Structures are given as structure tokens and as C-alpha cells.
S.K.: 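Quick one: the structure is below, and I'll ask about it shortly.
Below, chain A is the first sequence line, B the second, and so on; all start at residue 1. None of these values were measured; they are calculated from a predicted model.
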2 protein chains.
Amino acid sequence: MTEDTQIAPLIQQLARSYAAILQEQLKPLGLTPGQLPALQQLWSQDGKTQAALVAALQVEQATMANTLARMERDGLIERRKAAHDGRIRHIHLTAKARGLEAEAREAVMRAEAAFLAPLRPGQQKRLAEFLVVLAEGEQGSEGS
Amino acid sequence: MTEDTQIAPLIQQLARSYAAILQEQLKPLGLTPGQLPALQQLWSQDGKTQAALVAALQVEQATMANTLARMERDGLIERRKAAHDGRIRHIHLTAKARGLEAEAREAVMRAEAAFLAPLRPGQQKRLAEFLVVLAEGEQGSEGS
DNA sequence: ACCATTTCCATAGCGCCCTATACAACATGC
DNA sequence: GCATGTTGTATAGGGCGCTATGGAAATGGT
């Protein structure tokens with residue numbers, strides 16, 4: 001029956017499905033899914049610049065600027081301009097954001113677990129391998 | 001090193017990556033990725049209602065209404081109200097949209113092929129099986 | 001010193017997803 | 001027959017991704 005299963009649309013659907021699960025887990029914390037990657041970066045090292053976040057997370061600069069604006073509006077971060085270079089703004093977590101780290105980490109783990117629940121651990125591992133190949137093959141596939 | 005590879009974010013990234021590839025393939029046709037699912041439904045059977053499209057494609061009703069509004073604006077569809085029931089609007093393709101079917105089909109196949117290129121066919125098949133399990137497990141997991 | 005370029009960030013505008021709400025048209029109960 | 005409920009769409013508003021553009025601060029060449 002299902003001879004051409006159309007993998008790509010499935011992935012898009014799963015991405016939306018996971019976003020919904022994660023959003024539900026994050027709602028009690030007052031966080032949104034899009035804020036998480038930036039928060040994780042800043043939890044590991046506070047004071048990064050926007051350019052550093054853009055480089056670490058694979059999003060466009062404008063996307064990051066907008067996400068940071070929402071996070072500032074929500075009282076999660078402050079942007080302080082560097083003394084020695086007026087272009088650069090270091091992103092600093094507020095006490096509120098620092099206090100959310102443990103709970104957020106648990107929420108992410110719950111979301112990931114719920115998302116992957118239909119697969120057994122061994123299958124999850126093989127799935128991850130395939131996805132990594134796809135992700136690495138997609139960008140800069142040319143060359144060795 | 002990579003003990004918890006974080007599968008879900010990978011899927012989100014791949015979904016964005018595929019969207020970019022598909023968008024590039026569709027651009028010459030004047031179509032956008034979000035219009036495709038509705039178009040495919042209508043190519044297979046013209047005149048479906050919005051409710052039928054919502055049921056077939058897994059999106060919210062409001063999302064479909066907005067997508068259809070953009071498609072109407074772009075001259076791809078017409079919405080005609082049913083004679084016997086003033087609530088219902090049958091969605092009909094324009095000649096322009098009908099003429100794009102073959103090219104769009106090829107564009108989708110090219111996008112899918114480019115996306116999956118890093119994996120060999122056998123791996124693609126196993127990946128598809130995993131994803132189907134996830135997709136089916138995610139929605140309505142309760143019951144038999 | 002100055003002009004051109006580069007670097008870093010912000011803004012405008014759009015696509016597509018969501019929830020919540022509004023509203024018109026049909027269906028039903030009494 | 002009329003109020004009540006249900007059904008099919010539309011609208012409002014927001015998140016998060018993108019491209020394109022603008023602007024301010026540093027840098028580099030002459």
C-alpha cells in the first residue's frame with residue numbers, strides 16, 4: 001500500500017507534534033519553545049553575544065534578534081552593550097531565568113520522553129543515527 | 001560523548017531544512033510549501049470543503065482558512081458557497097492551479113530526493129518505519 | 001584625517017502554525 | 001414558530017521561522 005511514504009512531510013508533522021508537547025510542558029514555567037535554545041546556551045555560559053548565539057544555534061540573525069526581544073520583554077534576559085565595542089550587546093540572564101533552569105531541564109526531558117515513547121531505546125538510537133546523517137548531509141554536503 | 005543526542009530538536013531542524021529545500025523548488029512555480037497539501041488534496045478531487053481538507057491534512061481549521069485565503073489571493077482557488085447549505089464553501093481549483101500539477105509533483109519529488117540523498121534506500125525505508133510509529137503513537141495513543 | 005567597508009544588531013514584512021473568539025446558517029426540541 | 005444548540009468559516013492575536021533592508025560602530029587603506 002504505502003509504497004512512497006513521503007518521509008519529509010512526516011518529519012514536518014512530527015516537528016509540529018513535538019512543539020505542541022514541549023509547549024505544554026513549558027507553559028507552567030512561563031517559557032515558550034523558541035526561547036529554550038537561547039536559554040540553554042546562556043545557562044551553560046552567561047553573557048554571550050547575539051552573534052555567538054546565532055552561530056551556536058542554527059537560526060538566522062533576525063530570528064534570534066526577535067526571540068531575544070521577546071525574552072527581554074518577558075523578563076528573562078538583559079542586553080548590556082559592551083564598553084569597548086558599542087556594536088556588541090552581551091546577553092545576561094535575569095535571576096528569574098536562572099531560577100528556571102532545573103525545572104526547564106526536566107520539562108524538556110519529559111517532552112522528549114513523551115515524544116519518543118512509541119519507540120524502544122534501541123530503535124531511538126538507530127533513528128538518531130539516521131537523523132544525524134540527514135542533518136549533516138543537508139548542510140555543506142560537498143567535499144569530503 | 002553524544003550520549004543523549006536530543007532527537008526532537010534534530011527533527012525540528014530537519015523540518016526547517018526540508019521547508020527551505022521545498023520552497024526553493026516551488027518558487028519558480030509561484031507556490032509556497034504551505035499551499036501544497038491543500039493543492040494535492042484538490043488535485044485528487046476538486047471541490048472539497050474546507051472541513052474535508054482540515055480532516056485530511058492534520059492542521060487546525062483556522063490554519064486552513066488562512067492558507068485558503070492566501071491561495072485565493074494568489075489565484076489558485078475559488079470558494080463557492082453550496083446552494084443547499086449556506087455555511088459550506090466548496091473549494092475549486094482555477095485553471096492556473098490545475099496547470100501546475102505536473103510541475104509541482106516533480107518539484108516535490110526533487111525536494112524529497114535532495115532531502116533524503118544522504119541515506120541509502122534501505123535506510124530511508126527503515127527511517128520511514130520509525131517515523132510512522134512515532135506519528136501514530138503521538139496522536140490518539142490511547143485505546144487499541 | 002577621511003572615506004569605504006565590514007561587523008553587529010534592529011526593523012519591516014511575510015508564511016504558516018497555534019488558540020480563542022465571533023458569526024452566520026442549519027438543525028432540533030418544545 | 002422560536003429559542004437553543006450545532007456546524008462551517010472567518011477573524012484576532014501571537015510565536016517563530018525566513019528574506020531584505022537600515023543604521024550605528026569599528027576597521028582599514030590611502
S.K.: Where do N or O atoms of nucleotides 23-27 of chain D meet protein N or O atoms at under 3.5 Å, pair by pair?
M.R.:
unit_1, atom_1, unit_2, atom_2, d
D:dA25, O3', A:Gly86, N, 3.2
D:dA26, OP1, A:Gly86, N, 2.6

S.K.: Give the rounded distance in Å between these two atoms: CZ of A:Arg80 and C1' of C:dC9.
M.R.: 18 Å
S.K.: Might you confirm whether atom CZ of A:Arg79 has over 12 heavy atoms from other residues, nucleotides or ligands at distances under 6.0 Å?
M.R.: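 Counting neighbours around CZ of A:Arg79, more than 12 heavy atoms of other residues, nucleotides or ligands fall under 6.0 Å, so yes.
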S.K.: Measure NZ/A:Lys81 against P/C:dA10 and give the value in whole Å, please.
M.R.: 12 Å
S.K.: With a 4.5 Å limit on heavy-atom distance, are the side chains of B:Leu76 and B:Lys96 in contact?
M.R.: yes
S.K.: Tabulate protein N/O versus nucleotide N/O from nucleotides 16-21 of chain C, keeping only pairs under 3.5 Å, one per line.
M.R.:
unit_1, atom_1, unit_2, atom_2, d
C:dC16, OP1, B:Thr32, OG1, 2.9
C:dC16, OP1, B:Gly34, N, 2.6
C:dC16, OP2, B:Thr32, OG1, 3.3
C:dC16, OP2, B:Arg70, NE, 3.1
C:dC17, O3', A:Arg16, NH1, 3.4
C:dC18, OP1, A:Arg16, NH1, 3.0
C:dC18, OP2, B:Glu60, N, 3.0
C:dC18, OP2, B:Thr63, OG1, 2.8

S.K.: Taking the side chain of A:Ala65 as its heavy atoms from C-beta onward, which of C:dC8, C:dA10, D:dA10 lies nearest to it?
M.R.: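 Among C:dC8, C:dA10, D:dA10, the one nearest the side chain of A:Ala65 is C:dA10.
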S.K.: Please state how far atom CG in A:Leu76 lies from atom P in D:dG15, giving the value in whole angstrom units.
M.R.: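 These atoms are roughly 12 Å apart.
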S.K.: Rounded to the nearest angstrom, tell me the gap between atom CZ in A:Arg79 and atom C1' in C:dC8.
M.R.: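 Distance check: A:Arg79 CZ to C:dC8 C1' gives 12 Å.
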S.K.: Heavy-atom distance under 4.5 Å between the side chains of B:Val108 and B:Gln25, does that happen here?
M.R.: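 When only atoms from C-beta onward are counted, B:Gln25 and B:Val108 do not touch, as no gap falls below 4.5 Å.
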S.K.: Say you draw a straight line from CG of A:Leu42 to CD of A:Glu101; how long is it, rounded to the nearest 0.5 Å?
M.R.: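 Reported to 0.5 Å precision, the distance equals 10.5 Å.
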S.K.: Checking A:Leu127 against B:Leu131 for the side chain to side chain contact (heavy atoms under 4.5 Å, CB included) test, could you report, in this order, the C-alpha distance in whole Å, the side-chain angles of both residues, the deciding distance, and whether it holds?
M.R.: CA-CA 8 Å; A:Leu127 169 61; B:Leu131 296 178; 4.1 Å; yes
S.K.: Just the rounded figure in Å: distance from C1' of D:dC16 to CG of A:Leu57.
M.R.: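 For the pair A:Leu57 CG and D:dC16 C1', the rounded distance is 14 Å.
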S.K.: For B:Arg73, answer base if it contacts any base atom (sugar-phosphate contacts may also be present), sugar-phosphate if it contacts only those atoms, and nothing otherwise; contact means non-hydrogen atoms under 4.0 Å.
M.R.: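 Sugar-phosphate: the residue B:Arg73, judged by heavy atoms under 4.0 Å, touches backbone atoms but no base.
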S.K.: Find the distance between CG (A:Leu134) and CD (A:Glu136) and round it off to the nearest 0.5 Å.
M.R.: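 These two atoms lie 10.0 Å from each other.
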S.K.: Determine whether B:Met71 and B:Leu39 make a side-chain contact, defined as any pair of heavy atoms from C-beta on separated by less than 4.5 Å.
M.R.: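 SC-SC contact between B:Met71 and B:Leu39 confirmed.
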S.K.: Which whole-number value in Å describes the distance from B:His90 NE2 to D:dG8 P?
M.R.: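 Distance, rounded to whole Å: 11 Å.
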S.K.: Take a 6.0 Å sphere around CD of A:Glu72 and say whether it holds more than 12 heavy atoms from other residues, nucleotides or ligands.
M.R.: yes
S.K.: If the cut-off is 4.0 Å, is A:Gln50 near the phosphate of C:dA10, judged by side-chain N/O to OP1 or OP2?
M.R.: yes
S.K.: Could you check how far CG of B:Leu14 sits from C1' of D:dG17, rounded to whole Å?
M.R.: 15 Å
S.K.: When you look at CD of A:Gln23, are more than 12 heavy atoms from neighbouring residues, nucleotides or ligands closer to it than 6.0 Å?
M.R.: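 Atom CD in A:Gln23 is not packed in, count stays at 12 or less.
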S.K.: Rounded to whole angstroms, how far apart are CD on B:Glu24 and C1' on D:dC18?
M.R.: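 Computing the B:Glu24:CD to D:dC18:C1' distance gives 14 Å.
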